[in-house]
There are 2 protein chains.
Amino acid sequence: MVKIINRSNILTEKINPKSEMIDTMSTEEIIRLINEEDGTVHLTVRKAIPEITKAVDFVVEAFKNGGHLRYFGAGTSGRLGVLDASEIPPTFSASPEMVQGMIAGGWKALRKAVEGAEDYPENGKEDCKAINLQPNDVVMGIATGGTTPYVHGALKYAKSIGCKTVFFTCTPKEGLGVEEDVDVFLEVLVGPELITGSTRMKAGTATKMVLNMITTTAMIKMGKVYGNYMIDHQAINSKLVDRAERGLYRCLRDCPMMTPIKRCWQPINMSKMRS
Amino acid sequence: MVKIINRSNILTEKINPKSEMIDTMSTEEIIRLINEEDGTVHLTVRKAIPEITKAVDFVVEAFKNGGHLRYFGAGTSGRLGVLDASEIPPTFSASPEMVQGMIAGGWKALRKAVEGAEDYPENGKEDCKAINLQPNDVVMGIATGGTTPYVHGALKYAKSIGCKTVFFTCTPKEGLGVEEDVDVFLEVLVGPELITGSTRMKAGTATKMVLNMITTTAMIKMGKVYGNYMIDHQAINSKLVDRAERGLYRCLRDCPMMTPIKRCWQPINMSKMRS
């Protein structure tokens, strides 16, 4: 049987005094309050920039050595990992293998909560083996509330085979009650949620911001961006065909060999060329 | 064949002058710049509070009349809709039918981009029929770049059968080149992304914030929150069993019938009771 831990002292489970009467507020008042709290998230992320930088450095090193980035999470944390990973192939034309998100309970948990899936550390270990985790991979565990056994199981196994490990949490290390031996302890203390324990709110936004930072920055460092243009994205729909054309034009514009013909090139309306 | 529209004038496709040299910056400089831009998102969301309020009012009215909330999106927008929807049953013990996210290309698009899936408005209409859309439902189309044919196809069909419609976009109505006849036009103008056109970044964060606001506020209005406690969530894992116990204790504490026994109740350590 799974042990029920008293988590009342965990920061993300604490009561936010601003919302003790939220059930009596008007719709607009509630939305204003949520917006006010959302406005604090980037400030707490800012404090973690040194650790985010360390995480990116490990990821870039792994990519350069044929390694991968693997996210592990449950519930919202797991879904945000899968979300971030799924955007990498179309945005940067990277192999889907390069960044992969694992979620407790498997793919069906993307749409529907899977009962008890996160409670077993061995599930995390099993998922590491299922994706054939290698020592040159980086494993990033995501557990905003800090304790998710699935995530700790994955991190422990990853460490044991020599992977670099990153642990993302919105709970301070002190009092977490979980022994951590990770290379980067990335804490973003967004504080108590307006709905007690609803870490899909501020903690989820912090998670999204940090994951986006890690993959975007790593891909820039891997040469997937020229100026601020994606130069290696997949043109798999109408929007992306248009964007690719403009990116190509932008690169050509900067090329010294294009100088002699620039004067006649620039006024061309590319959309007219296509119709 | 699908028509390629020149989208260079669309706000989310414009070049952000702050990042024109992003490919030459250090890892830490890039992360600081992303964080700075992320810090503007909640301010642009704030400007849309009147429209978000209108959207919530429609959703609450629908819920009270047995209707549902249906998100429609492609790529990141679609995934964020599915993400928000998937969190409602465990958080508020609502039926999975109540809030549902549809994504162009179907469930496989949650993990992997599906080529061309978003280019056909008829796919949006077909998905409306597949979920048996009813006139008392609210359809919220999400298209940060504004043009996604899949989303417009769904909105048009929804409107035609009498649904209330909400359109979320990060592109101004003017110059969008798409005729809109929706009940709520919810624009959040986050401006050009640091990586040109990469709307998974600021636009995605704005989307997440707005969807979370809509469902959280609607659920509060439906009586699913007491004080700031979730009082109707599913205790399907260790973390949630613990949270449910604390919520119950909190509610009992406020009950006048508990007053006589409060003095002996309060010092009880619930975690000890369980071991």
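So you know, we letter chains A, B, ... as the sequences are listed, proteins then strands, and number each from 1. Any value given below was found using the heavy atoms of this structure, including those in side chains, with hydrogens, waters and symmetry copies removed.
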- line: Answer key: most heavy-atom pairs under 4.5 Å with chain A among V114(B), I214(B), T215(B), T24(B) is T215(B)
task: Against chain A, label T40(B) side chain, backbone, both or neither, depending on which of its atoms sit under 4.5 Å from a heavy atom there.
output: neither
- prompt: Atom CZ in R111(A), atom CG in L83(B): separation rounded to 0.5 Å?
  reply: 14.0 Å
field: Distance (rounded to the nearest 0.5 Å) between I31(B) CD1 and T53(A) OG1
entry: 3.5 Å
statement: One option among T76(B), V82(B), L43(B), V45(B) has the most heavy-atom pairs under 4.5 Å with chain A, and it is T76(B)
- request: Answer with side chain, backbone, both or neither: which region of T216(B) has an atom nearer than 4.5 Å to a non-hydrogen atom of chain A?
  value: both
- request: Report the distance from atom CD of E20(B) to atom OH of Y229(A), rounding to the nearest 0.5 Å.
  value: 10.0 Å
CE-CG distance between M21(A) and N228(B), expressed to the nearest 0.5 angstrom: 10.5 Å
message: Counting heavy-atom pairs closer than 4.5 Å to chain B, which one of I52(A), I220(A), T27(A) comes out on top?
response: T27(A)
- request: Please lay out, stage by stage, how E36(A) and H42(B) fare under the test side chain to side chain contact (heavy atoms under 4.5 Å, CB included).
  value: CA-CA 8 Å; E36(A) 200 181 286; H42(B) 70 284; over 6 Å; no
query: chain A: which of G204(B), G75(B), A218(B), P96(B) shares the most heavy-atom pairs with it under 4.5 Å?
result: G204(B)
statement: chain A shares the most heavy-atom pairs under 4.5 Å, among M25(B), E115(B), K18(B), with E115(B)
- prompt: Can you find a side-chain donor-acceptor pair between K112(B) and S86(A) that sits under 3.5 Å?
  reply: no
- request: Would you mind checking which part of I88(B) comes under 4.5 Å of any heavy atom in chain A, side chain (CB onward), backbone (N, CA, C, O), both or neither?
  value: side chain
- prompt: For L194(B), is it the side chain, the backbone, both, or neither that has a heavy atom closer than 4.5 Å to a heavy atom of chain A?
  reply: backbone
Within 6.0 Å of NZ in K47(B), more than 12 heavy atoms from elsewhere: no
- request: Working to the nearest 0.5 Å, report the span between CD1 of I195(B) and CZ of F92(A).
  value: 6.0 Å
query: When E28(A) is tested against each of T217(B), D57(B), I49(B) for side-chain contact (heavy atoms from CB on, under 4.5 Å), which residue passes?
result: I49(B)
message: Between E193(A), K224(A), E118(A), who has the most heavy-atom pairs with chain B when the cutoff is under 4.5 Å?
response: E118(A)
message: Taking the basic N atoms (NZ, or NE/NH1/NH2) and the acidic carboxylate oxygens, is any pair closer than 4.0 Å for D23(A) and K221(B)?
response: no
query: Side-chain donor-acceptor pair under 3.5 Å between R200(B) and T91(A), yes or no?
result: no
query: From I34(B) CD1 over to M213(A) CE, what is the distance, rounded to the nearest 0.5 angstrom?
result: 6.0 Å
message: In the structure I gave you, are the side-chain heavy atoms of T205(A) and K208(B) within less than 4.5 Å of one another anywhere?
response: yes
- request: With a 4.5 Å cut-off on heavy-atom pairs, point out which of V41(B), T148(B), I22(B) contacts chain A the most.
  value: I22(B)
